[in-house]
Structures are given as C-alpha cells and as structure tokens.
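Report on the following structure.
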Amino acid sequence: MRHSSIAAAAVAAALAVAALVPGAATAQAAGATACPGVLRTPQTELKPVVAQLSYQAPNNRDGEDTVTAAYTKIPQADEVQFVLHSAPQVTWWKGISVTDQKGHVLRDQQDFTQDAKHDTRVLTLTRTEAAACAYVWLSKAKTFGKHTPMYPVFVQASDLGNRIDLTWVKD
C-alpha cells in the first residue's frame, strides 16, 4: 500500500499550475492520455489535474482541505476502484463521483459521506471508461450546505489495477 498526502497549499498550487490539462503537451509530458482540458460547472471553470499516482486537491490554495490517498493492488487489472472515507471529525457532506469528460456521472458511480456515514461504497471504472477521459470529482458542502464540485482529477491508465482509498482528513 502506498500513501500520498495533500498537505501544503503551496504544494497543491504548484501541482495545479504544473499539471494543467488543456495543453496536450503537459498531459503527454506527465505520461497521460491527452484529453480536453477545461471542465465547466455552474459555478466556475475548473482545470483538471493530471495526477501521477496522487490525488490532489488543486484548488486548495488556502489549506482548507486535506485528502490522503492509499493505493492497493487489486486482481482486476482492467479496473480502478475508488472509495471515499471521511475522518471521524469530518461530518459535513463530502461526495465522490466518476464522470466522463463532459461531467456526466458514469453508471451511477457516485456516493457521499456525511455525519456518522464515513465510508462510500466502492466506485468502479473500466479500462474503456478510463481511456475515454474519465474524471474523479471530489465535492463538498459549502455555504448553506450547497453540494459543490471542488476537485476534478483525471483518471490515468496507470491507475488501473488499483483500489484508491481517498480519506478526507481535514475540511
């Protein structure tokens, strides 16, 4: 099992700038498939991060959120699995969804944590879906409890064959 942590805001900001995807050159330099770059949500435009075995919170410029990722090999080499956990002290709504490049949720692959529910079900993505430019979105309740997509992360072919447990440690 490997661990990576999203800690300092400066690190997250540097990663966001270094790994932006509208330029295919940036994505290819990181060893990823080139996919269209800017995802639009009702609130804003978000530039997804190409994560190399590390799920980052790219908009975390103020140190607001801390999410860790633990990778475990699975026997299904043509799938990647995601589970979102929240630490005991994190009780506000947190969501995870797997979407296509247009932001449409794939096969009901979404779930949430809130209050005493600290674990989501396993969300599974196939090789075909990953090759078609899939994203994992981490969302949270913001002002007045509005569920807000925060962190889009591009799913790479190198993620296949892994279960990625994401733990929202701090919000």
Side-chain angles (χ1 to χ4, degrees), residues 2 4 6 15-16 19-24 26-28 30-60 65 67-86 90 92-114 117-142 146-168 171:
R2 287 182 291 214
S4 84
I6 299 116
L15 285 168
L20 292 180
V21 178
T26 303
Q28 289 170 347
T33 305
C35 289
V38 178
L39 299 176
R40 300 185 194 291
T41 68
Q43 298 85 13
T44 184
E45 289 185 353
L46 296 172
K47 295 182 180 170
V49 168
V50 175
Q52 190 71 336
L53 291 179
S54 174
Y55 280 75
Q56 304 294 335
N59 297 334
N60 184 19
D65 299 312
V67 179
T68 60
Y71 295 76
T72 306
K73 287 288 184 193
I74 59 174
Q76 302 86 349
D78 286 345
E79 293 181 355
V80 59
Q81 300 174 349
F82 296 94
V83 179
L84 178 64
H85 310 277
S86 58
V90 176
W92 275 52
W93 185 92
K94 302 291 182 268
I96 183 171
S97 57
V98 180
T99 71
D100 63 17
Q101 63 187 1
K102 295 180 182 176
H104 301 118
V105 175
L106 298 172
R107 297 179 293 101
D108 192 37
Q109 295 297 292
Q110 60 186 352
D111 204 353
F112 68 93
T113 67
Q114 182 176 357
K117 180 183 186 271
H118 290 284
D119 304 292
T120 66
R121 63 186 170 85
V122 176
L123 306 182
T124 303
L125 184 67
T126 66
R127 177 179 297 279
T128 303
E129 291 163 337
C133 300
Y135 293 87
V136 170
W137 280 86
L138 298 177
S139 305
K140 65 188 277 184
K142 296 287 278 181
K146 181 170 174 49
H147 296 180
T148 307
M150 296 291 294
Y151 308 117
V153 182
F154 174 64
V155 179
Q156 299 183 81
S158 60
D159 295 332
L160 292 166
N162 287 291
R163 173 178 161 151
I164 302 172
D165 286 273
L166 300 162
T167 303
W168 209 300
D171 68 346

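Of all heavy-atom pairs between Tyr71 and Asn162, the closest is CB-OD1, 4.2 Å. The minimum heavy-atom distance linking Cys133 with Phe154 is given by the pair CA-CE1, 4.0 Å. Scanning both residues, Val90 and His118, for their nearest heavy atoms gives O-CE1, 3.4 Å. The nearest pair of heavy atoms linking Leu84 to Trp168 is CD1-CE3, 4.3 Å. The two atoms that bring Gln110 and Arg121 nearest to each other are O-NH2, 3.2 Å, heavy atoms only. Closest non-hydrogen pair, Leu125 versus Leu106, comes out as CD1-CD1, 3.7 Å.
In this structure, Leu166 CG and Ser86 OG are separated by 12.0 Å, a value rounded to the nearest 0.5 Å. Of the inter-residue distances, the one linking Asp159 atom CG with Phe82 atom CZ reads 5.5 Å to the nearest 0.5 angstrom. Note that CZ of Arg127 is 12.5 Å distant from CD of Gln76, once rounded to the nearest 0.5 Å. Between the CZ atom in Arg163 and the OG1 atom in Thr72 there is a gap of 7.0 Å [rounded to 0.5 Å]. Taken from OG1 in Thr99 to CD in Gln109, the straight-line distance is 11.5 Å, to the nearest 0.5 Å.
With respect to Lys140 and Asp65, a salt bridge is recorded, a charged nitrogen being found less than 4.0 Å from a carboxylate O.
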Between Tyr151 and Val67, is a side chain to side chain contact (heavy atoms under 4.5 Å, CB included) present by the stated rule, with each step listed?
CA-CA 11 Å; Tyr151 308 117; Val67 179; 5.6 Å; no
Could you go step by step and tell me if Leu138 and Ile96 meet the side chain to side chain contact (heavy atoms under 4.5 Å, CB included) rule?
CA-CA 5 Å; Leu138 298 177; Ile96 183 171; 4.2 Å; yes
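Below 30°, between 30° and 60°, or above 60°: for Trp93 and Phe112 the angle between ring planes is below 30°, a parallel geometry.
Checked by atom type and distance alone, the side chain of Thr148 pairs as donor or acceptor with a backbone atom of Lys146 at under 3.5 Å. Side-chain atoms of Arg107 come within 3.5 Å of backbone N or O of Thr124 as a donor-acceptor pair.
Taking the side chain as every heavy atom from C-beta outward, Val80 and Ile164 approach each other to under 4.5 Å.
Screening Thr167, Thr120, Asp119 for a side-chain hydrogen bond (donor to acceptor under 3.5 Å, both in side chains) involving His85 leaves a single residue, Asp119.
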